[in-house]
Amino acid sequence: MQELIVAETAAQVRAQVAEWKREGLTVGLVPTMGYLHEGHASLIDKAVSLCDRVVASDFVNPTQFAPGEDLESYPRDFAHDCALLQAHGCHMVFYPAVSEMYAPDANTFVEIQSDMTAQLCGRTRPTHFRGVCTVVAKLFNIVTPDMAFFGQKDAQQLAVIRHMARDLSYDIKIIGCPIVREVDGLAKSSRNTYLDPQERQAALVLSQAVALGQRMAAQGERAARPVLEAMTAHIAAEPLARIDYVSAVDGETMQPVETLAPGVLVALAVYIGKTRLIDNFIVEGI
């Protein structure tokens with residue numbers, strides 16, 4: 001098995017990628033915030049299947065956290081991350097310090113000036129997607145990948161990055177990969193580690209609500225409202241759950257819709273205790 005290259009500077013990454021490209025090799029990028037799990041592994045697997053060389057970033061990005069959010073407590077385990085990356089065939093991990101990514105007086109940001117970042121997660125996290133776009137744009141500039149891989153669990157993030165890549169003329173193919181779930185249905189998330197045993201059981205209302213909405217759509221329900229109401233009622237019945245949103249939006253623009261047509265995103269965010277979790281499904285051909 002090839003040894004994983006650990007790069008801590010942008011210069012190291014650029015030099016290695018330049019060497020690969022001189023050899024005519026394609027490069028895939030998997031951006032992560034570390035504390036990797038099977039969901040991240042599935043992104044690496046997809047990238048390895050489509051690209052000659054794969055770079056993963058492992059960086060807890062401070063600009064996408066608002067004051068009072070879990071930046072300091074966000075789980076980290078770089079040794080575990082490296083073991084997972086190597087086991088799944090990743091070739092290089094970019095592990096920068098904050099000072100490598102952001103100068104002390106950095107004040108340049110990438111931000112989408114439309115309502116798509118004000119919907120769903122953007123309602124209560126108004127600066128989140130500015131931070132996401134900024135760090136992803138920087139990673140695109142550093143790695144210059146041919147393809148970049150993102151999970152469908154963060155469906156709004158995926159749509160925002162597609163929009164940004166188009167608007168800024170990045171010659172990068174953005175690949176969305178399916179949600180990976182625990183055996184009992186809970187979507188894989190680094191934040192699942194925050195849950196105590198009672199909260200972990202309560203968190204199943206998210207995937208149960210998703211399954212309920214999928215069933216209703218598959219059975220022919222075309223109006224969004226009754227589906228959202230049924231999903232909301234199911235979640236609200238769990239005492240440990242506090243709903244942030246349950247919404248149906250256009251899968252590309254993130255604008256609210258009233259009809260469940262193919263491509264519509266039905267997404268939810270729910271606090272289980274103090275932990276905020278998300279889940280979603282995309283309406284298929286009906």
Heavy-atom neighbours of Y35 OH exceed 12 at 6.0 Å
no

Using modelled atom types and a 3.5 Å cut-off, is there a donor and acceptor pairing between side-chain atoms of R76 and backbone atoms of G34?
no

Nearest atoms (heavy-atom pairs only) where P31 meets L139
CB-CD1, 4.0 Å

Given D52, which partner from the list T26, D146, V27 fulfils the side chain to side chain contact (heavy atoms under 4.5 Å, CB included) test?
T26

What heavy-atom pair brings P75 and S190 nearest, and what distance separates the two atoms?
CG-O, 3.7 Å

Please round to the nearest 0.5 Å and tell me the distance separating atom SG of C82 and atom CG of L4.
5.5 Å

Transitive ILVMFWY side-chain link V135 to V30, under 4.5 Å:
no

Is the shortest side-chain heavy-atom distance between R181 and D279 below 4.5 Å?
yes

E221 side chain to M216 main-chain N or O, any donor-acceptor pair under 3.5 Å?
no

Side-chain donor-acceptor pairs under 3.5 Å in residues 109-117, sequence neighbours left out?
{"residue": "S114", "atom": "OG", "partner": "M116", "partner atom": "N", "Å": "3.3"}
{"residue": "T117", "atom": "OG1", "partner": "S114", "partner atom": "O", "Å": "3.4"}

Under a 4.5 Å cut-off applied to non-hydrogen side-chain atoms, are I179 and N280 in contact?
yes

Got a sec: does the NZ of K138 have more than 12 other heavy atoms crowding it under 6.0 Å?
yes

Would you find a donor on one side and an acceptor on the other, under 3.5 Å apart, between the side chain of H234 and the backbone of M231?
no

Surrounding CD of Q201 (heavy atoms of other residues, nucleotides or ligands, distance under 6.0 Å), is the total greater than 12?
no

Quick one: are E182 and R200 in side-chain contact, heavy atoms under 4.5 Å?
yes

What donor-acceptor contacts under 3.5 angstrom involve side-chain atoms of residues 125-132, with partners at least two apart or in another chain?
{"residue": "R125", "atom": "NE", "partner": "E69", "partner atom": "OE2", "Å": "2.9"}
{"residue": "R125", "atom": "NH2", "partner": "E69", "partner atom": "OE1", "Å": "2.9"}
{"residue": "H128", "atom": "ND1", "partner": "Q64", "partner atom": "O", "Å": "3.0"}

I'd like to check T144 versus K21 (side-chain heavy atoms, cut-off strictly below 4.5 Å). Are they in contact?
yes

State whether a side-chain donor-acceptor pair under 3.5 Å links Y95 with D81.
no

Side-chain donor or acceptor of S57 paired with backbone N/O of F59 under 3.5 Å
no

I142 versus R14, closest heavy-atom pair with distance:
O-CG, 3.4 Å

Looking only at atom types and distance, does a side-chain atom of Q156 sit under 3.5 Å from a main-chain N or O of Q119, one as donor and one as acceptor?
yes

Same cluster or not: are L29 and M92 linked, directly or through other Ile, Leu, Val, Met, Phe, Trp or Tyr residues, by side-chain heavy atoms under 4.5 angstrom apart?
yes

Is a side-chain donor-acceptor pair under 3.5 Å present for Y74 with N61?
no

Side-chain contact, heavy-atom cut-off 4.5 Å: P62 with V98?
yes

Within the structure provided, determine whether L212 and Q208 are in side-chain contact (heavy-atom separation under 4.5 Å).
no

How far apart are the closest heavy atoms of A187 and N192, and which atoms are they?
O-ND2, 3.0 Å

Is any side-chain heavy atom of F149 less than 4.5 Å from a side-chain heavy atom of L50?
yes

Starting from I5, can I reach V143 by hopping between I/L/V/M/F/W/Y residues whose side chains sit under 4.5 Å apart?
yes

Tell me, yes or no, whether the heavy-atom count around E23 atom CD, taken from other residues, nucleotides or ligands under 6.0 Å, exceeds 12.
yes

Taking atom CD as the centre, does E229 end up with more than 12 heavy-atom neighbours from other residues, nucleotides or ligands that are less than 6.0 angstrom away?
yes

Look at the side chain of D77 and the backbone N and O of H80, then say whether any donor-acceptor pair between them is shorter than 3.5 Å.
yes

Where do G28 and P145 come nearest, in terms of heavy atoms and distance?
C-CB, 4.3 Å

Which atom pair, heavy atoms only, marks the closest approach of R123 to A118?
CG-O, 3.3 Å

CZ/R276 to OG1/T124 distance, rounded to the nearest 0.5 angstrom?
4.5 Å

Polar side-chain atom of T259 near backbone of A261 as donor-acceptor pair, under 3.5 Å:
no

Atom pair CG (L228) and CG (L268), whose distance is rounded to the nearest 0.5 Å
9.5 Å

A97 backbone acceptor or donor facing E8 side chain under 3.5 Å
no

Compare all side-chain heavy atoms of V160 with those of F150 and state whether any distance is below 4.5 angstrom.
no

